[in-house]
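Below is one structure, written out as structure tokens; the observations come after it.
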Number of protein chains: 2
Amino acid sequence: MNETGYTCQQVMRITGLSQRQLSYWRKTGLVIPKQRTAGGHARYSFADLLILKTARKLIDAGVSVQRIRRRITSLTDFLPSCNIPLTELSLVATGDMILVLHQETTFEALTGQEWVYSVAELEREAATSRGIIEPKQEELFTAPENTHKNIAVNQ
Amino acid sequence: MNETGYTCQQVMRITGLSQRQLSYWRKTGLVIPKQRTAGGHARYSFADLLILKTARKLIDAGVSVQRIRRRITSLTDFLPSCNIPLTELSLVATGDMILVLHQETTFEALTGQEWVYSVAELEREAATSRGIIEPKQEELFTAPENTHKNIAVNQ
DNA sequence: AATGAACAAAAAGGGTATTTTTTGTCTACT
DNA sequence: AGTAGACAAAAAATACCCTTTTTGTTCATT
């Protein structure tokens with residue numbers, strides 16, 4: 001048995017995808033393992049595994065394979081050029097996009113669209129639009145009590 | 001003139017939305033400014049501005065207003081209960097979800113879905129599935145040169 | 001200057017029928 | 001074990017028609 005790469009069985013166990021799906025996706029070019037054993041058996045790389053896992057997440061979220069095809073390409077292109085250990089990354093996958101987050105410091109949309117924007121930036125725009133001297137912005141925030149539940153703060 | 005809140009003109013300038021859109025959205029409940037001047041003129045809060053900007057981003061991305069309505073509600077619910085200065089947040093908006101990112105440490109989907117997952121977690125799953133003793137995982141990564149372009153690293 | 005109402009055009013949603021894609025199952029092969 | 005091929009069922013995309021939603025424009029009102 002070869003030591004490198006993941007076998008079909010392993011990929012099936014890890015991702016929950018069926019043999020038929022792997023087979024069809026190989027044939028139609030969604031994920032093609034670069035390695036093959038002497039006997040012609042597929043060996044998936046860890047990057048392949050990551051892509052397949054992402055595809056599985058999208059399927060579970062109700063995204064069709066055809067839409068996945070359109071999006072997954074960018075991830076396939078990105079991974080080989082990524083000089084960060086993959087294990088330091090986190091992914092956000094939806095029907096419309098795949099985000100890559102590094103540690104907790106940077107992130108980048110793989111699609112061309114500009115998805116991420118900061119509220120601080122909006123505030124600057126707003127202040128500029130209001131005139132040179134802006135009023136006390138603090139008053140404009142909805143004054144918070146202490147009942148946060150949607151965001152976990154760690155400080 | 002009242003000092004607090006943004007006028008229609010200002011909101012139009014900042015968000016790029018039309019007067020007609022603001023008017024219709026007010027009437028149909030998408031974004032209703034709480035404040036009104038004595039003369040009955042609308043004054044939008046900064047939170048309103050943030051919601052409207054998000055809606056604009058989604059429109060630019062080709063999302064229909066009806067889908068925006070379904071999603072924006074969660075943001076409207078969230079903002080008043082958020083005890084973090086809004087300017088410390090960043091947003092990710094797509095047709096399927098709106099993510100809120102805090103500083104660069106935490107983020108939380110406003111929808112119930114679990115969108116984010118770490119590659120490290122996948123690696124653990126993979127290692128477990130492979131057997132108790134895992135092979136040298138480093139070999140399985142696509143060995144990077146130094147040609148990153150999709151992620152901005154700051155170290 | 002901002003709002004509201006009325007009309008018409010554009011955009012989007014819902015339903016159905018048809019075509020294409022995807023998957024399961026079975027079979028044979030190495 | 002793993003792969004490939006053939007057939008049929010399930011799922012998804014496409015096209016079409018029709019209804020609803022959304023937006024621009026114009027006008028009157030405050």
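Throughout, protein chains are lettered first and strands after them, A, B, ... in sequence-line order, and every chain is numbered starting at 1.
For the pair B/Q66 CD and C/dA10 P, the computed distance is 18 Å after rounding to whole Å.
Taking 4.5 Å as the limit, some side-chain heavy atom of B/I59 sits within range of a side-chain heavy atom of B/Q21. Using a 4.5 Å heavy-atom threshold, the side chains of A/L122 and B/F46 count as touching. At least one side-chain heavy atom of A/M12 sits under 4.5 Å from a side-chain heavy atom of A/Q19. No side-chain heavy atom of A/R71 sits under 4.5 Å from any side-chain heavy atom of A/L75. A heavy-atom distance below 4.5 Å is not found between the side chains of A/L99 and A/L91. Using a 4.5 Å heavy-atom threshold, the side chains of B/L52 and B/I14 count as separate. Here the side chains of B/V92 and A/V92 are not in contact, with every heavy-atom distance at 4.5 Å or above.
Closest to the side chain of B/Q9, out of C/dA1, C/dA12, C/dG4, is C/dA1.
Reading DNA chain D from its 5' end, the first and the last nucleotide to sit under 4.0 Å from a heavy atom of chain B are D/dT21 to D/dT25.
For the pair B/R67 and B/R26, both in contact range of DNA chain C, the more 5′-proximal nearest nucleotide belongs to B/R26. Projected onto DNA chain C by closest heavy-atom contact, B/V63 and B/T7 fall at different nucleotides, the more 5' of which corresponds to B/T7.
For the pair A/K53 and B/Y117, the cation-pi criterion (under 6.0 Å, within 45° of the ring axis) is not fulfilled.
Its glycosidic angle being more than 90° from 0, C/dA1 falls on the anti side.
Checking the phosphate oxygens (OP1, OP2) of C/dG13, a side-chain nitrogen or oxygen of B/S64 falls inside 4.0 Å.
Residue A/G40 is classed as a sugar-phosphate contact, given heavy-atom separations below 4.0 Å to backbone atoms only.
A side-chain donor-acceptor contact under 3.5 Å links A/R56 to the backbone of A/G16.
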In B/S/- notation (B base, S sugar-phosphate only, - none; protein heavy atoms under 4.0 Å), nucleotides 23-30 of chain C written 5' to 3' is BBB-----

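Side-chain atoms of B/Y44 and B/R26 include a donor-acceptor pair closer than 3.5 Å. Checked by atom type, the side-chain pair A/D48/A/S45 shows a donor-acceptor distance below 3.5 Å.
One end of the helix from C/dA1-D/dT30 to C/dC29-D/dG2 points its axis 70° away from the other end's axis, with each axis taken from 5 pairs and the angle rounded to 10°.
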